[in-house]
Structures are given as C-alpha cells and as structure tokens.
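Throughout, a chain's letter reflects where its sequence line sits, starting with A, and its residues are numbered from 1. Hydrogens, waters and symmetry mates play no part in the numbers below; they use all other heavy atoms, side chains included.
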Amino acid sequence: MRGSNPILLVEDDKVDVMTVQRALKDLNVSNSLDVAGDGEQALTFLRNPDNIKPCVILLDLSMPRMDGIEFLRLAKQDKYLRKIPVVVLTSSREEQDKVDSYDLGVAGYIVKPVNYPEFVEAMKTIDMYWTLSELPPLG
Amino acid sequence: MKETIQKSFSYKTIVSILFGFLGFAVNFWFTAEFAFPPFTAAVLIGLLFPMLITLTWGWKYGLLSALAGGCQSMWWIWGPSNGYAIFLVVPPFTLWVIWHGYWAGWRKKQNACPWWLSAYAVEIPFRILNTINLLTLSRWAITLNPPPWSWAAGAANTIPMPFSTFVAIKQAVVGYVILLLADVLLNLGFVRKFFGLKEEYNQANTSYIISASLLIGGFVWLIDSIISYLVFQPGNSLFDLLALNIPPHDIFMRTLFILACLIGGLLASYLLRGQHERDKALRDNEERLVQIVEGNPIPTFVIGENHTITHWNKACENLTGCSASEMVGTQKQNLPFYSEERAVLADLVMDGAAEKDISRHYTSKFNKSSLVEGAFEVVDFFPELDDKWLIFTAAPLIDHQGKVVGAIETLRDITELKKTEKELKHHTKNLEQLVTARTLELEDTNQELIDFAYTISHDLKAPLRGINQLAGWISSDYADVLDQEGQEKLGLLVSRTKHMHKLIEDILKYSRIGRTAAEKQKVDLNPLVRETIEILAVPENIQISIENELPTVVGVYAHFEQIFQNLLSNAIKFIDKPEGFVKIGCEDNENYWQFNVADNGPGIDEKYFDKIFQMFQTLAPTSEEDESTGIGLTLVKKIVEMHGGRVWLESTVGEGSTFFFTLLKQGARNERK
C-alpha cells in the first residue's frame with residue numbers, strides 16, 4: 001500500500017481476520033494491520049488521536065452491534081474520516097448492499113472468494129491498486 | 001257472450017223436413033191472392049218456410065226443406081196453368097235456395113260482413129237473372145203449350161207482356177218481403193233460440209222493438225178500417241173493410257204500412273244493437289284499464305280534471321297506508337307524502353312543469369324521463385312515510401286533442417335497495433381495508449423471507465469459508481506431518497465446502513429472482529444469446545447455432561441471460577456424441593413466442609420430465625468435477641413462469657432433447673391461470 005500507514009480491517013470473524021493477515025503476509029505487504037471487531041470499535045479507534053489514521057479501511061458489512069453500513073454512514077459524515085478510502089469485503093452479493101455501499105461512497109466492493117488462493121488474488125489486486133492510487137493527506 | 005248450443009244434425013234435418021211439409025200444407029190451405037185488376041197476384045206464403053231454413057242453416061238444409069215440400073207445391077199449384085213454362089219457374093226457386101243458402105253460410109263464418117254481401121244485396125243478381133228468365137225463356141216456353149200431359153191441358157199458349165212484367169214485379173216484391181220477414185223473425189230472441197243461432201247483444205230489446213212495430217202496423221190496419229167504415233165507405237160493413245172484403249188499394253196501402261213499420265223496427269233494433277255494442281266495448285275498456293292499474297304491483301295513482309284523484313291502486317294503498325276509498329275523488333294526493341301543503345310530482349307534470357320548476361320542489365336527484373314526453377323521474381327521501389326512499393315517475397295524460405287532462409304517477413319503494421347499497425359500500429370499504437392489511441402482512445412476510453435469505457447467505461457462507469480456508473491451511477502448513485490419506489481427506493473436505501457454497505449461492509440466486517429492483521427493458525435476444533454462448537466456453541466438437549432471427553422481448557436482461565445460460569450449459573455439459581450440436585429456434589405464436597433449444601445429447605427418459613424442474617434434482621451422479629447443484633432448470637422454470645410462459649421438453653433417449661419455453665408477448669394476457 002502507499003505509504004506506511006496501517007490498514008484497518010473491520011471484521012468480526014476470526015478466521016477472516018486470519019485470512020487477511022495471512023494473505024498480506026503472503027503478499028509481503030509491509031503495512032501493519034489494525035483490527036476492529038465491529039463498527040463501534042472501528043469508530044472509537046479512528047477517533048482516537050493516539051492512533052495513526054489508516055491508509056485504507058477493509059470493511060465487513062455484517063457485524064454485531066454496529067454493522068458496516070451504519071459505520072459507513074457515520075464515518076462519511078465525519079469530515080476527518082470521510083477521505084479514508086473504504087473497500088467493502090463481504091460475503092453478501094445482495095444488490096441492496098452494493099447500492100447502499102456505493103451510495104455511501106465506498107472505493108470498492110469485493111465479495112470474499114471462498115477459497116484461499118482466490119482470496120489472495122483479491123488482496124493482491126487491492127494492494128496493487130492502492131499502491132498505484134494517490135491518496136489525500138490523511139492527517 | 002252467451003251462446004246457445006248449436007243444434008244437432010238430426011234436429012236440423014227433422015226441422016227442415018217439417019218446415020217443408022208445413023210450407024206445402026200452408027200453400028194448399030191458403031194461397032194469398034191480391035187483386036190488381038186486371039191481374040191477380042197469387043203469393044205462395046208457404047214458400048217462406050224453406051226460405052227461412054235456407055237463410056238460417058245454409059243451402060243444404062234449405063234444399064232439403066224445399067224438396068220436402070215447398071217446390072212440390074209449386075208444381076201442383078202453378079203447373080196446370082203454366083204448362084211447359086213451369087220448368088222455367090221452379091228451378092229458379094231452387095237456385096234461390098242454393099244462392100242465398102251459400103251466402104248465409106258464408107256470413108255465419110265471418111265476424112263482420114260488408115253490406116254488399118248481405119241477403120238484400122245478393123238478392124239483386126238473382127232477381128235480375130230471374131226477371132230476364134220471366135221475360136224471355138218463360139214466355140217462349142208458354143208458346144209451346146198446351147203440353148201433352150192431361151193435367152196441364154188447359155194451359156194457355158199466349159200471355160200478354162204486361163202480365164209477364166206484373167209477375168216479375170210481384171216476384172221481386174215478394175222476394176224482398178220474404179227477406180224482410182226472415183230478417184224480422186231472425187231478430188226475435190225465441191226464433192234465434194229455436195234455430196240455435198248465436199245470441200246477440202240486446203236480443204230481448206230488439207224483439208220488443210220489432211213486436212211493437214208489428215203491433216203499430218196492426219193498429220194502423222184497424223184504424224184505417226174504422227175510418228173507411230165511418231168516413232169513406234159508409235155503405236160497407238166494418239168486418240168487410242177490416243178483413244173479409246178489403247178493397248185492393250186499401251189492402252196494398254195497409255200491407256205497405258205494416259212493412260214500413262217492420263223496416264223501421266228492424267233499423268231501430270240494428271241501431272240499438274250497434275249502440276249497445278259500442279257502449280259495452282267502452283265499458284270493457286274502462287274495466288280493463290281499472291284492472292290494469294288496480295292489479296299492477298307498482299304503486300300507482302292517477303289524477304284527472306282539477307287534479308282530482310281518479311285511480312289509487314292496491315299497491316299504492318299498501319305503500320301509503322291510505323285507502324282508495326278515502327283518496328279517490330279528493331285532491332289530497334300530497335297527504336301521505338308530505339306534512340305540508342304542496343304539489344306532488346303528478347300535479348307538477350300535469351301543469352306542464354319545466355325542469356326548473358321540478359328542481360324548486362325537489363332538492364334531490366331528478367331526471368327527464370326518456371320514455372314519455374313531459375314525464376319526470378325523481379328519487380327522494382320521505383320522513384313522513386316511515387323514512388322511505390322512493391323513486392317515482394309522473395307522466396302527463398293527454399286526450400285526443402293533445403290537451404293534458406291528467407297525470408299518472410308510479411312509485412317504487414327503494415329503501416331496501418338504498419340500505420343494501422349502503423351495506424355494500426360499507427362491505428367494500430371493509431374489504432379494501434382487509435386487503436390492504438393482508439397485503440401489508442404479506443409484504444412483511446415477504447420481507448422476512450428476504451431477510452432470512454440474506455441472513456442465510458451471510459451466516460452460512462462465512463463459517464463455510466472459514467472451514468474451507470482452515471482446511472486449506474492445515475493442508476499446506478502441516479504438509480510434512482500429514483500422510484497421503486490425510487491430504488486426500490482434507491481435499492475432499494475442501495471440495496465439499498465448495499459444493500455447499502455453490503448450493504447456497506444458487507438458493508440465493510433463485511430467491512433473488514422476482515424481487516430484484518432491476519427495471520424491465522426491451523431486450524434483443526440475438527446479441528444476448530451470442531454473448532451467452534461466448535461466455536460458456538463451448539468445446540470444439542459442439543456446434544451451437546441460432547436457427548432463425550430471435551425476437552426482442554421485454555423483461556430483465558439478466559433473467560433472459562440466465563434462461564439461455566442454463567439451457568445451453570446443460571446441453572453442452574451432457575452431450576456425449578463426437579459431433580455435438582445445439583440448435584436455438586423461435587416461433588411466433590400470435591400471443592407468445594415459443595423458443596426451443598435442441599441438442600443431440602443422451603436424451604432424458606420421459607419419467608424424469610417433471611423431476612428435472614424440481615430444485616436440487618440432478619440426473620447425473622455428483623462427481624468431483626461436476627459442480628451442478630440441480631437448480632438451473634428450476635431457475636429457468638421460475639423465470640419463464642414469471643413472464644407468463646411455461647417450459648417443457650421433448651426427448652428421445654440416445655438421440656437428444658429439445659427444451660421448449662414460451663414468453664408472453666407484451667400486452668397479451670397470461671395463457672395460464
């Protein structure tokens with residue numbers, strides 16, 4: 001990823017977290033990975049000035065307490081957070097989820113592939129894109 | 001009309017014969033001789049009897065009666081003096097019987113008879129013929145006299161012309177007098193009964209008139225005799241002048257008098273009868289009208305002159321509670337309907353009210369009636385009449401001069417109808433509410449199902465993915481501790497999770513159809529099918545061809561894509577021939593398009609035709625490479641049925657299968673319900 005800022009993964013499923021971690025390791029991505037278990041934790045993490053702002057947020061939609069869409073709604077209202085690109089990483093192929101996500105300005109929508117090698121391919125693409133793409137100063 | 005019983009055949013026969021004999025006897029007993037110096041008119045009065053039969057029962061009985069007596073007497077009485085000429089005198093009489101009898105029978109069958117077919121009129125041609133006979137043939141026959149037979153040996157062989165003329169006149173007069181007498185007799189009630197003739201209107205009264213006429217005639221006879229005895233011929237005795245020896249001129253005049261009286265009586269009775277028939281018809285009409293109004297189940301009343309009630313029928317009594325006896329003859333038609341003094345619709349219509357007059361009196365709905373000029377129809381509520389709703393119509397009654405002389409008003413109680421209407425409205429509203437509530441419930445249930453499917457999608461997929469990845473990692477991370485068998489089992493585990501993942505995805509796909517927000521659009525199927533074929537990666541040994549131009553249909557693009565994708569991939573997957581083909585075609589079937597996808601694959605046994613469209617039904621055993629879940633055709637069926645079509649197949653095992661499906665054309669009605 002561009003720069004050295006960490007990546008924030010908002011995901012409640014432990015195996016999925018492991019999958020992302022493993023994929024990043026396999027792809028030799030140097031950025032560190034922060035993990036939040038749900039939308040609330042993610043917001044708390046992002047609003048804490050002690051934490052470094054992530055270069056990209058990988059967001060699951062279905063989570064306990066505060067789901068991904070709700071998180072997006074709040075994050076995009078927050079002028080300090082709305083510039084951070086969000087890539088949705090979900091199991092859902094629901095049209096409504098896609099529509100809602102893009103309405104809330106996500107930078108991508110990826111359905112989690114079922115087997116690992118494909119997952120790695122997906123992560124590789126995300127990494128390549130966000131290495132190439134310029135980012136605004138995130139503060 | 002009362003009818004006397006028709007007399008029987010034997011009665012008629014006996015009476016006819018008896019009358020014949022009676023005539024015969026009368027002729028011999030008394031031959032009326034009238035002196036018209038230098039001639040004498042001999043009248044055979046007995047001939048009246050068969051003639052009466054003729055005019056009453058027709059020519060057959062008349063002829064019977066004449067042969068039984070009347071004619072014979074003519075031969076006897078006139079034969080000796082007429083000689084050969086009698087052969088030309090008796091047959092005309094027989095002709096008279098047939099001629100008049102025929103017309104009498106004809107008249108009897110008709111209800112009305114024109115004057116020119118009456119007995120008096122049909123007598124004219126007969127009389128002309130008879131006169132010609134008397135003046136020509138008869139005179140010629142007389143010149144041949146005397147005949148060889150002894151009883152007519154004294155017959156003269158010459159007669160003076162004036163005598164022939166005299167006889168012709170005499171016969172004409174006698175002929176008409178007999179017709180007149182028959183008419184008089186047949187007007188008398190008891191005579192009609194005797195002959196079994198139809199009873200006539202006012203029969204008794206006309207009998208009195210004719211009897212009175214005859215009496216007056218007789219009275220005049222008596223007075224004439226007395227006056228002659230006292231004033232003109234005091235030398236003669238009264239009895240001579242009265243009957244025994246009446247001077248010819250007097251007898252002529254008196255007979256004329258009596259005939260005149262009879263004619264007068266006859267005319268008077270005809271006039272009386274006509275008048276009575278007209279009166280009766282009028283009364284019948286009036287009676288019928290009353291019955292029509294009275295028996296009508298629709299409440300009706302009629303007003304006439306000065307707005308006075310003339311008719312108030314039973315139904316009207318029932319509706320208003322006011323009886324006809326208290327209403328008819330009064331002008332209080334408003335009483336049952338309104339508490340205040342005012343005109344009812346019939347009054348307004350009778351006064352020729354215009355629409356604006358009506359609207360002043362009735363706030364509620366009113367219409368001009370389309371049936372009668374000047375009539376109106378009103379619907380109104382009557383608190384005074386136990387809160388009834390009435391629909392009432394009033395029409396003017398017009399006389400022959402076009403003057404309005406009254407009005408008829410009919411009323412119908414529509415309270416029940418109004419009530420039902422109200423209830424119906426109420427129920428309809430309830431029903432609408434119920435439908436709305438149910439629809440909301442259904443929408444809720446539907447939403448729950450959608451949510452359920454969504455939850456399944458995520459909740460089942462996420463752990464499955466976890467299992468899959470963990471198994472993969474174990475396989476790679478612990479490769480050195482796992483033996484060959486362990487690796488294989490982990491491989492099987494991974495492939496099973498993949499299959500389950502596909503199953504879940506297919507269920508979602510299936511449930512997604514029909515609730516996608518995707519808009520319907522015109523879809524040209526030609527490029528769609530070509531693109532689908534390209535995506536499918538068709539093996540080289542299989543030829544896919546589009547047989548004819550495909551139509552443009554309306555619907556969701558992705559749906560059509562799925563139909564062809566599933567049908568084509570199925571076909572390709574199972575083709576077992578070295579040279580495979582798949583042919584796509586379409587027919588225009590008026591209301592719908594019928595598509596077919598034919599292949600030369602292994603074919604499907606007919607017993608599976610229904611099964612293959614059910615969810616998760618595959619005919620091939622699940623293999624490692626085969627990723628089919630058995631949902632493809634179920635999906636096709638659902639999409640096709642959603643478009644108002646149906647899907648089916650024809651197949652021969654070993655030769656191939658053809659799948660058919662129909663798509664309803666835009667605007668056509670669903671072919672299946």
Side-chain angles (χ1 to χ4, degrees), chain A residues 9-27 35 37-39 58-72 88-103 109-124, chain B residues 446-447 449-479 490-519 556-559 562 627 629:
Chain A
L9 173 66
V10 190
E11 172 64 78
D12 61 319
D13 190 313
K14 213 171 199 164
V15 180
D16 280 347
V17 175
M18 281 168 69
T19 313
V20 173
Q21 283 170 337
R22 198 179 165 112
L24 289 176
K25 207 177 113 194
D26 286 356
L27 290 168
V35 179
D38 61 55
L58 301 175
L59 178 68
D60 185 23
L61 287 184
S62 171
M63 289 179 296
R65 286 189 289 282
M66 184 191 287
D67 67 16
I69 298 294
E70 185 62 24
F71 166 82
L72 270 174
V88 173
L89 199 59
T90 180
S91 314
S92 168
R93 287 184 194 280
E94 287 301 305
E95 205 167 277
Q96 196 56 49
D97 285 339
K98 293 177 201 168
V99 171
D100 288 347
S101 300
Y102 279 101
D103 274 352
Y109 188 105
I110 290 163
V111 178
K112 291 171 187 166
V114 72
N115 60 349
Y116 181 67
E118 282 172 37
F119 197 99
V120 173
E121 277 302 305
M123 287 308 294
K124 191 175 171 185
Chain B
N446 203 26
Q447 191 55 47
L449 274 173
I450 292 169
D451 292 348
F452 178 70
Y454 179 83
T455 311
I456 294 248
S457 121
H458 189 267
D459 291 1
L460 290 184
K461 273 162 72 183
L464 198 64
R465 199 172 51 245
I467 295 167
N468 176 289
Q469 278 164 12
L470 287 170
W473 293 337
I474 292 169
S475 166
S476 59
D477 293 359
Y478 302 94
L490 276 174
L492 285 173
L493 179 68
V494 170
S495 81
R496 290 298 178 274
T497 56
K498 276 185 193 164
H499 189 70
M500 188 165 168
H501 187 263
K502 189 153 189 332
L503 278 176
I504 293 171
E505 284 291 353
D506 281 351
I507 293 173
L508 281 172
K509 219 190 270 174
Y510 181 78
S511 72
R512 219 176 277 135
I513 298 166
R515 63 184 175 85
T516 41
E519 256 179 62
V556 180
Y557 186 91
H559 288 170
Q562 263 174 331
E627 286 194 352
T629 56

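If you measure heavy-atom distances from A:Pro113 to chain B, the contacts under 4.5 Å come from the backbone alone.
Qualifying side-chain contact (heavy atoms from CB on, under 4.5 Å) partners for A:Leu27, counting only residues two or more places apart in sequence or in other chains: A:Val29, A:Val120, A:Met123, A:Lys124.
Annotation: side chain of B:Arg465 is not in contact with side chain of A:Val15 (no heavy-atom distance under 4.5 Å).
Highest contact tally toward chain A, considering only B:Thr497, B:Val494, B:Asp477, is held by B:Asp477 [criterion: heavy-atom pairs under 4.5 Å].
Counting non-hydrogen atoms of neighbouring residues, nucleotides and ligands closer than 6.0 angstrom, the OH atom of B:Tyr478 reaches no more than 12 such neighbours.
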